[in-house]
Amino acid sequence: QVQLVESGGGLVQAGGSLRLSCAASGRTFSSYAMGWFRQAPGKEREFVAGISWIGGMSYYADYADSVKGRFTISRDNTKNTVYLQMNSLKPEDTAVYYCAAREGYRYASGNRDYARQGFYDYWGQGTQVTVSS
């Protein structure tokens, strides 16, 4: 069983930045596929960013079109933590942000399974991000 704990949410003005963190339990974190999703009021949960192991020390990162160029996903395997750096925030980024994990996944070129909610086995409790205009 993998436990995920998000932190770093809050209230920020448009144009500002926040960094979300997600700490994961488990001994094989380096091989976990990790994702960030968000859910705004009245909307479905949507993919934001994902980072998956390619092999060796390399990882593949991908983003939703709505956040490309503004958000960056990264990971520190020594801390079992994945981050989401969010810059140039907009009011439409307001949502509850969720961290998700799947154990033992190796990225295959062209495969975007990591963008699907059903791909992940474990979810965090969510952290609120509110961007004021």
Side-chain angles (χ1 to χ4, degrees):
Q1 187 79 6
V2 175
Q3 293 184 330
L4 304 173
V5 179
E6 300 107 330
S7 60
L11 173 64
V12 64
Q13 289 188 330
S17 298
L18 281 174
R19 188 176 81 157
L20 306 183
S21 299
C22 173
S25 64
R27 297 182 178 181
T28 59
F29 176 78
S30 61
S31 68
Y32 293 1
M34 300 297 297
W36 286 98
F37 289 74
R38 66 185 181 186
Q39 187 167 20
K43 295 188 177 181
E44 294 187 353
R45 192 175 298 187
E46 64 177 3
F47 171 74
V48 175
I51 185 164
S52 305
W53 181 57
I54 294 175
M57 299 288 286
S58 299
Y59 291 85
Y60 175 78
D62 195 17
Y63 302 88
D65 288 343
S66 59
V67 306
K68 278 183 181 175
R70 299 189 298 123
F71 291 11
T72 302
I73 188 170
S74 62
R75 62 195 297 157
D76 185 339
N77 292 335
T78 66
K79 297 181 179 179
N80 277 23
T81 300
V82 65
Y83 303 98
L84 186 67
Q85 178 67 43
M86 305 185 295
N87 298 329
S88 302
L89 282 161
K90 304 175 182 179
E92 50 263 46
D93 295 318
T94 295
V96 177
Y97 283 71
Y98 297 90
C99 172
R102 176 176 172 135
E103 294 180 278
Y105 175 76
R106 185 170 185 170
Y107 172 72
S109 180
N111 189 331
R112 291 196 88 239
D113 281 349
Y114 53 80
R116 295 187 297 108
Q117 293 185 54
F119 172 79
Y120 296 93
D121 301 314
Y122 305 100
W123 291 83
Q125 81 287 354
T127 185
Q128 176 71 46
V129 171
T130 302
V131 184
S132 63
S133 57

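Since the model is a prediction, treat every value here as computed from it, not as a measurement.
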Discussion item. Check for me, please, whether Tyr32 and Ile73 land in the same ILVMFWY cluster - side-chain distances under 4.5 Å, paths through other members count.
Written reply: yes
Discussion item. When you compare the side chain of Tyr98 with that of Gln39, does any pair of heavy atoms fall below 4.5 Å?
Written reply: yes
Fill in: Residues in ring pair (Phe, Tyr, Trp, His ring centres under 6.0 Å) contact with Tyr105, at least two apart in sequence or another chain
Phe119
Response to the item:
For Phe37, the ring pair (Phe, Tyr, Trp, His ring centres under 6.0 Å) test, sequence neighbours excluded, returns Phe47, Tyr120, Trp123
Worksheet item: Which residues pass the side-chain hydrogen bond (donor to acceptor under 3.5 Å, both in side chains) test with Asp62, sequence neighbours left out?
Response: Arg112, Tyr114
Worksheet item: Is there a path of hydrophobic side-chain contacts, each under 4.5 Å between heavy atoms of I, L, V, M, F, W or Y residues, that connects Tyr60 with Val67?
Response: no
Discussion item. Taking the side chain as everything from C-beta on, heavy atoms only, tell me whether Asn77 gets closer than 4.5 Å to Trp53.
Written reply: no
Worksheet item: Quick one: side-chain hydrogen bond (donor to acceptor under 3.5 Å, both in side chains) partners of Arg70, sequence neighbours excluded?
Response: Asp93
Worksheet item: Going by side-chain heavy atoms closer than 4.5 Å, which hydrophobic residues are tied to Met57, directly or by a chain of links?
Response: none
Practice prompt. Provide the full list of salt bridge (Lys or Arg N to Asp or Glu O under 4.0 Å) pairs with a residue in residues 42-61, sequence neighbours left out, each pair given once.
Written response: Arg38-Glu46
Under 3.5 Å, side-chain donor or acceptor atoms of residues 12-31 against the rest of the protein: list the pairs with distances, not counting sequence neighbours.
unit_1	atom_1	unit_2	atom_2	d
Ser17	OG	Asn87	OD1	2.9
Ser25	OG	Gln3	N	2.7
Ser31	OG	Thr28	O	3.0

Worksheet item: Taking only residues two or more places apart in sequence or in another chain, which ones pass side-chain hydrogen bond (donor to acceptor under 3.5 Å, both in side chains) with Gln128?
Response: Thr130
Worksheet entry | Hphob cluster co-occupancy, Leu89 + Val48, side-chain heavy atoms under 4.5 angstrom | yes
Item to complete: Kindly work out whether a path of hydrophobic side-chain contacts (I/L/V/M/F/W/Y, heavy atoms less than 4.5 Å apart) joins Ile51 to Tyr107.
Response: no
Practice prompt. Determine which pairs satisfy salt bridge (Lys or Arg N to Asp or Glu O under 4.0 Å) with at least one residue from residues 97-106, sequence neighbours left out, and list them in order.
Written response: none
Fill in: All ring pair (Phe, Tyr, Trp, His ring centres under 6.0 Å) counterparts of Tyr63, not counting sequence neighbours
none
Worksheet, complete the sentence: For Leu11, the other hydrophobic cluster members (4.5 Å side-chain criterion, sorted by chain and number) are none
Worksheet entry | hydrophobic_cluster_shared for Val82 and Phe71, side chain cutoff 4.5 Å | yes
Worksheet item: With a 4.5 Å heavy-atom cut-off, do Leu4 and Met34 have their side chains touching?
Response: yes
Worksheet item: When rounded to the nearest 0.5 angstrom, what distance separates OG in Ser74 from OH in Tyr83?
Response: 7.0 Å
Worksheet, complete the sentence: Sequence neighbours excluded, the answer for side-chain hydrogen bond (donor to acceptor under 3.5 Å, both in side chains) partners of Asp113 is Asn111
